[in-house]
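In each ligand, atom 1 is the first atom listed, and ligand 1 is the first ligand listed. Note that the coordinates shown come from a computational prediction; the quantities given were computed from them, not determined experimentally. Along the sequence shown, residues are numbered consecutively beginning with 1.
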Amino acid sequence: MIGPRVVIHIDRLIKNYDQIKNKLGRSNLMVVVKANAYGHGSARCASALEKHGCKSFAVFSIEEGIELRDAGISSDILIFSKLDISYLELAVKNNFILNISNLKDFDILKSFSSKNKNSPRFHVKFDTGMTRLGLNINEADRAFKILSHNDELKCEGLYSHFATADEGELSFAHEQAGKFKEILKKAYSFGLEFKTVHFSNSGAVLNLDQNDFDIVRVGMLIYGAFPSNEVPKDIEILPVMEFVAPIVEVRRVEKGTQISYGGVYKTEKESNIGVIQCGFADGIPRSWYKNGYVGYKGKHYKIAGRICMDQFMVNFEDDLPNQGDEVLIFGSNDFNSISMETIAEEIESTPYVIATGINGRTKLSYQN
Ligand SMILES: Cc1ncc(COP(=O)(O)O)c(C=O)c1O
């Protein structure tokens, strides 16, 4: 079937990786490839990055980790999700790094390791202000006592997660960083050592000083979009995802013709209306129709009326597009550029939602 396509520009992914590394100086990157690499295809993206020298990835679920191992990824893989007993054996088998985020998780680890004479690798997560997963700060003494008395437990890292690193107002982020540094100090006072200490996400890479921690967990930025409009955009990144869809019909209509469901859009003059084979079920955000547009041969053309499940219409006015040509929904190609950030701002969403919303019949293809 002809229909929507996402072209993933691997060359841009690699360029973004290099740009971020250059900006950071000494810190390494743990590339976050959860949710199918934010819609970009986790196995393909991780393979390309691993070949380029990346040695560390993060996913959310254990299944996402297994998908990477099945694709031949041999680098470190951190699993972000809440620990489940069923993960332990899989973690050992697949050499995953688990997320320990509750004191009870240590009991699970201890009983597994005494039974199996083996412990999975893990990082300990503290909650410093996200109020999601993570040990409470006042549990640090107990956690570090357990770690310092149980050498068989393979704790390799300590981390936390910023809640507001991509905002313009950064006092809360600084507070979180301060708390994390206190936790780290405490860990060292127990004689503990970690292979990796990490905190920063894309927002922190742009907004905060990176020199305190040795790995940065980066997602959105590596895919070529800024996490918000409040960060300094002082790094050159390229959109990795190019979302296009074909024009399958063109008809000339009179002034005042009503288009799509609800008839909320009417032509202001005689116009060429194109039907695009892509709908909200494929990943184009439905609410973008109000002020939205697509790119075609270097120009922008208005989306005409509500986006349907499988199709939407575009007003090409007096230009006559070729049936079978593709329009650009977002990303950039030789003719046009429309950023996910622009769409996100207009529809009060985020590039994270837009990228991971690619769905349905949209085919992913890769360009090196
Ligand atoms: C724990 C954790 N670290 C890092 C990231 C990467 O964030 P970003 O895509 O903003 O770089 C995420 C993404 O949501 C996350 O959940």
Side-chain angles (χ1 to χ4, degrees), residues 13 16-17 19-21 23-24 27-42 45-46 49 54 56-62 64-65 76-83 96-102 105 122-135 157-168 170 172-173 176-177 180 183 196-208 210 213-233 235 237 239-241 339-341 344 349-358:
L13 181 77
N16 293 344
Y17 177 88
Q19 287 287 70
I20 299 166
K21 267 203 83 104
K23 180 171 169 59
L24 291 172
S27 299
N28 275 318
L29 297 193
M30 176 191 291
V31 177
V32 180
V33 290
K34 63 180 181 170
N36 202 25
Y38 295 33
H40 293 68
S42 59
C45 290
L49 289 164
C54 179
S56 178
F57 296 97
V59 291
F60 186 75
S61 72
I62 206 108
E64 289 174 333
D76 283 347
I77 300 177
L78 172 63
I79 312 286
F80 280 152
S81 71
K82 166 86 184 150
L83 184 78
F96 292 147
I97 301 169
L98 293 175
N99 172 37
I100 297 303
S101 62
N102 187 299
D105 294 348
F122 64 91
H123 289 188
V124 174
K125 184 174 199 179
F126 275 89
D127 179 52
T128 53
M130 180 72 182
T131 322
R132 201 167 63 177
L133 295 184
L135 292 162
L158 195 72
Y159 78 114
S160 187
H161 189 50
F162 281 113
T164 59
D166 62 357
E167 309 263 322
L170 290 169
F172 191 73
Q176 278 193 271
F180 188 61
I183 293 167
T196 53
V197 175
H198 46 106
F199 200 166
S200 298
N201 54 6
S202 294
V205 168
L206 300 163
N207 251 337
L208 296 159
Q210 297 308 308
F213 314 115
D214 58 356
I215 277 205
V216 163
R217 302 187 307 271
V218 74
M220 200 72 251
L221 204 54
I222 203 161
Y223 303 112
F226 288 98
S228 80
N229 277 330
E230 295 182 55
V231 291
K233 296 182 178 162
I235 176 170
I237 48 161
V240 174
M241 188 183 271
S339 74
M340 272 194 279
E341 294 96 306
S349 183
T350 73
Y352 298 79
V353 176
I354 294 176
T356 56
I358 294 295

Novice: Considering distance alone, does some N or O of M220 sit under 3.5 Å from an N or O of ligand 1?
Specialist: yes

Novice: Look up atom CZ in R217 and atom NZ in K34, then write down how far apart they are to the nearest 0.5 Å.
Specialist: 9.5 Å

Novice: Should the ring pair Y159 and H123 be called parallel, tilted or perpendicular, given that the plane angle runs from 0 to 90° and is split at 30 and 60?
Specialist: perpendicular

Novice: Quick check: P227 and ligand 1, any N/O pair under 3.5 Å apart?
Specialist: no

Novice: Please lay out, stage by stage, how Y352 and M220 fare under the test side-chain contact (heavy atoms from CB on, under 4.5 Å).
Specialist: CA-CA 7 Å; Y352 298 79; M220 200 72 251; 3.6 Å; yes

Novice: Report yes if the side chains of Y223 and V33 come closer than 4.5 Å at any heavy-atom pair, otherwise no.
Specialist: yes

Novice: List ligand 1 atoms under 4.0 Å from V218, heavy atoms only on the residue side.
Specialist: 11 (O)

Novice: Between S202 and ligand 1, does any nitrogen or oxygen pair lie at a separation below 3.5 Å?
Specialist: yes

Novice: Who's the nearest protein heavy-atom neighbour of atom 4 (C) of ligand 1, and how far?
Specialist: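 Looking only at protein heavy atoms, the one closest to atom 4 (C) of ligand 1 is R217 NE, 3.5 Å.
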
Novice: What is the closest protein heavy atom to atom 7 (O) of ligand 1, and at what distance does it sit?
Specialist: N201 CB, 3.5 Å

Novice: Taking Q176 for the side chain and H161 for the main chain, is one N or O donor matched with an acceptor at less than 3.5 Å?
Specialist: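 Yes, Q176 side chain to H161 backbone: donor-acceptor pair under 3.5 Å.
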
Novice: Hey, does R132 sit under 4.0 Å from ligand 1 if you only count heavy atoms?
Specialist: yes

Novice: What's the shortest distance from atom 10 (O) of ligand 1 to any protein heavy atom, and which residue and atom give it?
Specialist: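 Sorting protein heavy atoms by distance from atom 10 (O) of ligand 1 puts Y352 OH, 2.5 Å first.
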
Novice: May I ask whether Y38 has any heavy atom positioned less than 4.0 angstrom from an atom of ligand 1?
Specialist: yes

Novice: Roughly how far, to the nearest 0.5 Å, is the CZ atom of F226 from the CG atom of D166?
Specialist: 12.5 Å

Novice: Which option out of M30, K34, H161 puts a heavy atom nearest to atom 13 (C) of ligand 1?
Specialist: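 Residue with the shortest heavy-atom distance to the ligand atom: K34.
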
Novice: Can you tell me how far apart OG (S228) and CD (E167) are? Round to the nearest 0.5 Å.
Specialist: 7.0 Å

